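These numbers come from the heavy atoms of this one structure, side chains and all, not from hydrogens, waters or symmetry mates. Just so we're clear, the structure is a prediction, and the values are computed from it rather than from any experiment.
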Amino acid sequence: MSLKKYEKVHLFIDWFVIIIFLAVILGTTTMHAFWEKTFRFGPVFIFLALCLLFLNHISIKECFQKKDKEFFLMSGGIFLSGVNMILIRSRIGAIFTIADFLLLLYLANKVFFNKIQLGVITFISFSVWFYWQFISQTNYSNTLHNPNVTSMFLFMHFCVFICYFICFISIHFRLPKWFYYFSAFLIIMLLIMRILSFNCRGVLLGAIVWAVTFYILPKKNYTVPLVIGVSLLIPVLYIFLWKSGTADGASFLGKRVTSGREIIWYEFFKAFTNHPITGIGSDFDRIVPDLYLKEMHQSLLDLLFVHGIPVFLVAIYLLHQRIKDIIKVSSGFTRAVCLASIYGILTIGTFENYYIVPPYNIMLLVIFMIPYSLTQDKTSPIMP
């Protein structure tokens with residue numbers, strides 16, 4: 001095959017994967033009926049798309065030749081998780097959640113979409129954000145659905161388009177700093193007001209963390225383990241407040257501070273202590289039969305409790321490295337907006353199964369890819 005034909009095939013595969021991504025993103029964040037149909041099978045489609053992306057960009061032969069540590073960690077994590085699923089007699093579907101997450105973290109700094117491809121994804125995200133922000137004043141579906149979902153859609157779509165917008169402008173134009181600060185302030189305030197209309201405390205906290213990171217927090221490597229560590233410690237604090245009775249009667253935005261998640265985390269933790277290496281798997285009806293709500297409501301704890309300590313450590317290592325890479329590869333407003341978005345997403349993931357499941361994991365991948373892809377044009381310096 002000639003070089004030109006190979007490039008065309010390569011580009012076609014990328015577009016095919018992007019179409020799958022956009023179909024899942026558009027369907028799940030605009031139509032509740034589509035969400036219900038893809039809730040169980042979405043991770044499988046994303047896994048197949050990520051595998052296609054992997055084969056289109058990564059040479060397995062070179063991975064072995066160069067002794068790519070991350071390739072072996074990613075592969076080992078997926079394999080070990082599969083073994084754990086069998087040992088613990090788990091439902092096999094859980095393997096796709098961890099496989100998707102490990103794959104996207106591995107590919108995040110190795111796959112580059114061009115500006116048009118990223119622009120199409122960003123336009124879709126902006127359109128969906130605009131719809132929920134200004135057009136539709138209702139909640140996603142009805143009261144039977146999690147009322148926080150609309151706010152989670154808003155925030156993730158906001159992160160995608162604000163990252164692309166600020167990165168693209170700061171790389172290609174020399175605008176005064178006040179333009180970026182004012183633009184970000186205006187949009188984040190609009191977002192916060194809309195989130196407040198849904199009384200969604202977790203996403204509100206994510207938006208506040210976004211603003212604090214963008215404007216104040218030093219964009220340094222030491223903040224990475226700090227943010228990940230706090231995300232893991234908050235459930236411990238919640239359980240302490242519940243057990244001690246310290247937060248009894250306390251409320252915020254019309255909801256109790258201890259709103260029930262602490263009970264879920266505590267029950268899952270007790271089950272996990274019996275299977276710390278393999279994890280408890282995803283057959284929650286068997287493992288925690290007394291829980292009414294059998295969902296973890298915490299992204300990192302889901303990875304830890306379901307898949308066990310070894311697989312969890314692989315995921316944490318790759319996540320830590322990808323965030324550090326953002327700090328390393330970018331600077332100025334590019335670094336600030338991407339780091340703010342990732343830290344905001346991690347914050348929301350402290351209270352929800354957020355960035356480890358579709359469609360949010362796709363958009364997290366896009367956010368990781370933006371600074372790498374846009375800075376491939378070496379003729380356009382990054383704004384200092």
Side-chain angles (χ1 to χ4, degrees), residues 7 9-25 42-82 95-115 117-118 120-122 125 156 159-160 163-164 167 224 299 303 311 314-330 338 341-342 345-346 355-376:
E7 290 175 352
V9 171
H10 181 85
L11 187 62
F12 173 82
I13 293 174
D14 278 352
W15 274 112
F16 182 71
V17 170
I18 289 170
I19 290 170
I20 296 175
F21 285 169
L22 291 178
V24 174
I25 290 170
V44 180
F45 291 115
I46 299 304
F47 175 74
L48 295 175
L50 288 171
C51 286
L52 196 56
L53 204 60
F54 176 90
L55 295 173
N56 198 37
H57 287 266
I58 306 298
S59 167
I60 297 178
K61 181 180 177 181
E62 287 187 6
C63 289
F64 279 93
Q65 289 177 339
K66 296 179 179 180
K67 298 179 181 179
D68 185 348
K69 180 175 70 174
E70 291 193 355
F71 168 77
F72 292 114
L73 282 173
M74 179 267 296
S75 303
I78 295 173
F79 176 77
L80 182 57
S81 180
I95 187 65
F96 293 103
T97 299
I98 187 65
D100 288 351
F101 193 60
L102 294 181
L103 265 170
L104 77 84
L105 289 176
Y106 177 76
L107 295 173
N109 68 335
K110 300 171 183 67
V111 174
F112 306 106
F113 288 160
N114 61 43
K115 294 180 180 66
Q117 292 168 329
L118 284 175
V120 169
I121 298 171
T122 301
S125 273
M156 191 63 89
C159 287
V160 171
C163 282
Y164 184 87
C167 289
V224 183
S299 297
L303 298 178
V311 175
V314 172
I316 286 293
Y317 173 80
L318 291 176
L319 177 63
H320 182 271
Q321 291 303 111
R322 289 298 81 80
I323 302 175
K324 281 181 61 179
D325 289 344
I326 293 292
I327 297 172
K328 180 180 178 181
V329 77
S330 59
C338 291
S341 297
I342 292 169
I345 290 167
L346 290 179
Y355 51 86
I356 64 171
V357 295
Y360 312 112
N361 55 0
I362 305 170
M363 292 186 273
L364 177 64
L365 172 63
V366 172
I367 292 168
F368 273 121
M369 289 171 61
I370 284 173
Y372 292 101
S373 297
L374 293 184
T375 55
Q376 289 305 293

Do you know the tightest heavy-atom contact between [X] and [Y]?
{"X": "V329", "Y": "P371", "answer": "CG1-CB, 4.4 Å"}
{"X": "A108", "Y": "Y372", "answer": "O-CD1, 3.7 Å"}
{"X": "V224", "Y": "H320", "answer": "CG1-CD2, 3.4 Å"}
{"X": "S299", "Y": "I356", "answer": "O-CD1, 3.7 Å"}
{"X": "F72", "Y": "C63", "answer": "CE1-O, 4.0 Å"}
{"X": "D14", "Y": "H57", "answer": "OD1-NE2, 2.8 Å"}

Exercise for the section: Would you confirm whether Y164, through its side chain, and K115, through its main-chain N or O, come within 3.5 Å as a donor-acceptor pair? Expected result: yes
For a 4.5 angstrom cut-off between non-hydrogen side-chain atoms, does [X] reach [Y]?
{"X": "F96", "Y": "I46", "answer": "no"}
{"X": "L104", "Y": "Y355", "answer": "no"}
{"X": "I345", "Y": "I367", "answer": "yes"}
{"X": "L105", "Y": "Y317", "answer": "no"}
{"X": "L318", "Y": "V314", "answer": "yes"}
{"X": "F113", "Y": "I121", "answer": "yes"}
{"X": "F368", "Y": "N109", "answer": "no"}
{"X": "N114", "Y": "L11", "answer": "yes"}

Practice task
Begin from the C-alpha positions of V366 and L118 and carry the test side chain to side chain contact (heavy atoms under 4.5 Å, CB included) through to its verdict.
Solution key: CA-CA 8 Å; V366 172; L118 284 175; 4.2 Å; yes
Distance (rounded to the nearest 0.5 Å) between [X] [atom1] and [Y] [atom2]:
{"X": "D100", "Y": "L48", "atom1": "CG", "atom2": "CG", "answer": "9.0 Å"}
{"X": "L102", "Y": "E70", "atom1": "CG", "atom2": "CD", "answer": "11.0 Å"}
{"X": "L50", "Y": "F21", "atom1": "CG", "atom2": "CZ", "answer": "4.5 Å"}
{"X": "I342", "Y": "C163", "atom1": "CD1", "atom2": "SG", "answer": "7.0 Å"}
{"X": "M74", "Y": "L103", "atom1": "CE", "atom2": "CG", "answer": "5.0 Å"}
{"X": "L73", "Y": "I78", "atom1": "CG", "atom2": "CD1", "answer": "11.0 Å"}

Exercise for the section: Could you label the plane-to-plane angle of the F54 and Y106 rings as parallel, tilted or perpendicular, counting under 30° as parallel and over 60° as perpendicular? Expected result: tilted
Practice task
Would you mind checking if R322 and D325 are paired as a salt bridge, meaning a charged N to carboxylate O distance below 4.0 Å?
Solution key: yes
Exercise for the section: For L22 and V120, run side chain to side chain contact (heavy atoms under 4.5 Å, CB included): C-alpha distance rounded to whole Å, both residues' side-chain angles, the deciding distance at 0.1 Å, then the answer. Expected result: CA-CA 9 Å; L22 291 178; V120 169; 3.9 Å; yes
Problem - Other residues, nucleotides, ligands: >12 heavy atoms within 6.0 Å of F16 CZ - result: no
Exercise for the section: Count the heavy atoms of every other residue, nucleotide or ligand shown that sit under 6.0 Å from CZ of F45, and state whether that count exceeds 12. Expected result: no
